[in-house]
Amino acid sequence: MNRMYRALIFAGIIIIPLLIGTWVNAEEPEYAEWGQVAMKEVKAKYPQDKIVDYLHVGRQTEGEQTVETFKLWLVGKEKEFGVIIDIYFKSSTKEIIEVKMRETQK
């Protein structure tokens with residue numbers, strides 16, 4: 001029995017730091033900074049509603065312009081709805097050109 005506890009403790013000492021190292025070293029996705037912009041913009045437009053879900057729809061680049069598209073799901077006092085947000089920015093400088101939002105029921 002004593003031997004079994006030692007084996008478990010030893011395994012924990014080895015495995016736990018490896019798992020923590022994997023979590024800590026995980027890189028943020030490239031769209032993460034734009035996701036924060038999307039949430040900030042949606043929260044500014046819908047301050048009373050709560051963002052409950054977030055989806056990166058995709059990225060499209062045409063020439064010097066890139067658009068990141070997200071879908072956020074909001075819950076308010078009166079309704080539950082989605083907001084699709086497109087963030088247009090200069091590919092080279094990441095300067096925001098335009099932000100478009102539209103509500104969706106799905």
**Item:** From Glu30, Lys71, Glu68, residue fulfilling side chain to side chain donor-acceptor pair (under 3.5 Å) relative to His56
**Value:** Glu68

**Asked** Met101 versus Ile84: any side-chain heavy-atom pair under 4.5 Å?
**Response** no

**Request:** Please report the C-alpha distance between Thr69 and Arg59 in whole Å, then the side-chain angles of each, then the deciding distance to 0.1 Å, and finally whether the side chain to side chain contact (heavy atoms under 4.5 Å, CB included) criterion is met.
**Result:** CA-CA 6 Å; Thr69 303; Arg59 169 184 279 203; over 6 Å; no

**Prompt:** In this structure, are over 12 heavy atoms from other groups packed under 6.0 Å from Glu98 atom CD?
**Reply:** yes

**Item:** Lys79 with Asp49: basic N within carboxylate O range, under 4.0 Å
**Value:** no

**Request:** Report the distance from atom CD of Gln36 to atom CE of Met39, rounding to the nearest 0.5 Å.
**Result:** 6.0 Å

**Item:** Ring centre gap for Trp34 and Phe89 strictly below 6.0 Å
**Value:** yes

**Prompt:** Within a strict 4.5 Å, meaning less than it, do heavy atoms of the Leu74 and Leu72 side chains meet?
**Reply:** yes

**Prompt:** Does one hydrophobic cluster hold both Tyr31 and Ile96, with members joined at side-chain heavy-atom distances below 4.5 Å?
**Reply:** yes

**Prompt:** What's the verdict on side chain to side chain contact (heavy atoms under 4.5 Å, CB included) for Glu80 and Val52, showing C-alpha distance, side-chain angles and the deciding distance?
**Reply:** CA-CA 10 Å; Glu80 188 172 324; Val52 294; 5.7 Å; no

**side chain to side chain contact (heavy atoms under 4.5 Å, CB included) between Lys94 and Glu33, worked out** = CA-CA 10 Å; Lys94 296 185 177 182; Glu33 68 178 295; 2.9 Å; yes

**Prompt:** Among side-chain atoms of Glu103 and Tyr46, is any donor-acceptor pair under 3.5 angstrom?
**Reply:** yes

**Connected via hydrophobic side-chain network under 4.5 Å: Val42 and Tyr88** = no

**Asked** Looking at CZ of Phe70 and CD1 of Ile87, how far apart are the two atoms once the value is rounded to the nearest 0.5 Å?
**Response** 5.5 Å

**Message:** Between Glu64 and Lys90 (salt bridge meaning N to carboxylate O under 4.0 Å), is one present in this structure?
**Reply:** no

**Prompt:** Should Val83 and Trp73 count as side-chain neighbours, where that means a heavy-atom distance under 4.5 Å?
**Reply:** no

**Request:** Measure the spacing between CD of Glu41 and CD1 of Ile85 and express it to the nearest 0.5 Å.
**Result:** 5.5 Å

**Request:** Could you tell me whether the side chains of Thr61 and Ser91 share a donor-acceptor contact shorter than 3.5 Å?
**Result:** no

**Request:** Report the distance from atom CD of Gln60 to atom OG1 of Thr66, rounding to the nearest 0.5 Å.
**Result:** 10.0 Å

